[in-house]
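Written out below as structure tokens is the structure these notes cover.
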Amino acid sequence: MYIFQTVCKLQEYLQKQSSKSKTIGYVPTMGALHEGHLQLIANSLGDCDLSVCSIFVNPTQFDDSKDLSVYPRPIEADIEKLTAIGCDVLFLPSAEEIYPKDLKSPTFDLNGLDKTMEGANRKGHFAGVVQVVHRLLDIVKPNRLYMGQKDFQQFAIIKQMLQQMESLIQLVRVPIVREADGLAMSSRNVRLSAIGRQTASNISKALFEAQKNAKIMPLKEVRLRAMAFLESKQLEIDYFKIIDGDTLQEIESLELAQTVAACTTVRLDGLRLLDNIILK
Ligand code: AMP
């Protein structure tokens, strides 16, 4: 695997590859790689001639400086995992490479997608996500971009950004990879206490139950039951919403949207844990 730390060296290599008509697949990450990230890379490896992964803990998307300072950075282990899976290129830039002083980041009309759920809870988070993904795409110039369903809202926002840019990049959504007990894999899970780790498995239990219930009862009832279950397990709910997958607005019936998802974030051990399930 090639590892590049500068934009210049990465682009020099990638330009040679794309002039050989190679399709480039790209997986942006913040590292502390787990099976979820590796699944994105496996998808890219299956579809594309050349797969690029980046690891960059983007400071502009953290609204909480403590969360940024304790974000795990096991870079040696990450390199081993990427090498083992057969990733072609790792881009490992510094903040100066991503945000040079003269960088101008465009703004996008996100149609209100950034105002709800995570956007309502984490000020400036999506502005930071859009800024970094735009910059990284401008550097890597991939044919296909792989992102996880785990960050359902982030996916919808990047889709909107690409539409506004009239970009030809194909955005691919990869399903959530879960631990054996159902907990959605996340780089932050390592910060859970032993008891917290056990309690956390109830998040996906609530979502799987919601998926069953959505077939037989009104969505309002599905939501209330899921929230009551989470509260009964001492989980502090930031939000639990059943939404239209395109507008991210809450809806009352499965018939009212093409894609419907239940999205939740709960607080546990000082962490915010995100999860979701597609109901339709
Ligand atoms: P992160 O490193 O948390 O910024 O995540 C990088 C990418 O991996 C994003 O597109 C995430 O949605 C995706 N991802 C994170 N966790 C999972 C998971 N458990 N299953 C599938 N994709 C995931």
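Atoms within a ligand are numbered from 1 in the order they appear, just like the ligands themselves.
- Annotation: T29 places no N or O atom under 3.5 Å from an N or O atom of ligand 1; distance criterion only.
- Here's the thing with M147: none of its N/O atoms is less than 3.5 angstrom from an N/O atom of ligand 1.
- The nearest protein atom to atom 23 (C) of ligand 1, hydrogens excluded, is given as K150 CB, 3.9 Å; this is a heavy-atom distance.
- Remark: the backbone N or O of L113 is paired with a side-chain donor or acceptor of Q153 at under 3.5 angstrom.
- Between Y26 and F91, the ring center distance fails the sub-6.0 Å criterion.
- Taking 4.0 Å as the cut-off, A32 does not count as a neighbour of ligand 1 on heavy-atom distance.
- With a 4.5 Å cut-off on side-chain heavy atoms, R173 and N43 do not count as touching.
- One finds no salt bridge joining R272 and D67 here, because no Lys/Arg side-chain nitrogen approaches an Asp/Glu carboxylate oxygen to under 4.0 Å.
- The protein non-hydrogen atom at the shortest distance from atom 6 (C) of ligand 1 is P28 O, 3.4 Å.
- With respect to atom 12 (O) of ligand 1, the closest heavy atom belonging to the protein is D151 OD2, 2.7 Å.
- Looking at K123 and D63, no side-chain N of the basic residue comes within less than 4.0 Å of a carboxylate O on the acidic one, giving no salt bridge.
- Per-residue contacts place M185 under 4.0 angstrom from the following atoms of ligand 1 (heavy atoms of the residue considered): 16 (N), 17 (C), 18 (C), 19 (N).
- For OH of Y2, the number of neighbouring non-hydrogen atoms (other residues, nucleotides, ligands) closer than 6.0 Å is 12 at most.
- In this structure, M185 is not a member of the same hydrophobic cluster as I176, with clusters built from ILVMFWY side-chain heavy atoms closer than 4.5 Å.
- For a threshold of 3.5 Å applied to N or O pairs, the pair formed by M30 and ligand 1 contains at least one separation below that value.
- Scanning the protein for heavy atoms near atom 16 (N) of ligand 1, the closest one is H34 CE1, 3.3 Å.
- When only non-hydrogen protein atoms are considered, atom 7 (C) of ligand 1 lies nearest to L40 CD1, 3.6 Å.
- Close approach of ligand 1 to G36 is summarised as follows: ligand atoms under 4.0 Å from at least one heavy atom of the residue are 18 (C), 20 (N), 21 (C), 22 (N).
- If you check which protein heavy atom lies closest to atom 21 (C) of ligand 1, you get P175 O, 3.5 Å.
- When C53, G148, G31 are ranked by how near their heavy atoms come to atom 10 (O) of ligand 1, first place goes to G148.
- Taking the six-membered ring where the residue is Trp, F108 and H134 present tilted rings, their angle falling between 30° and 60°.
- Looking from atom 5 (O) of ligand 1 to the surrounding protein, the closest heavy atom is H37 NE2, 3.5 Å.
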side-chain hydrogen bond (donor to acceptor under 3.5 Å, both in side chains) assessment of D49 paired with T23
CA-CA 5 Å; D49 300 317; T23 54; 3.2 Å; yes
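- A single hydrophobic cluster is not seen to contain both M30 and L92; linkage of ILVMFWY side chains at heavy-atom distances under 4.5 Å, directly or through other members, places them apart.
- Under the 4.0 angstrom criterion for non-hydrogen atoms, Q39 is not in contact with ligand 1.
- For atom 20 (N) of ligand 1, the nearest protein heavy atom (residue, atom name, distance) is V177 N, 2.9 Å.
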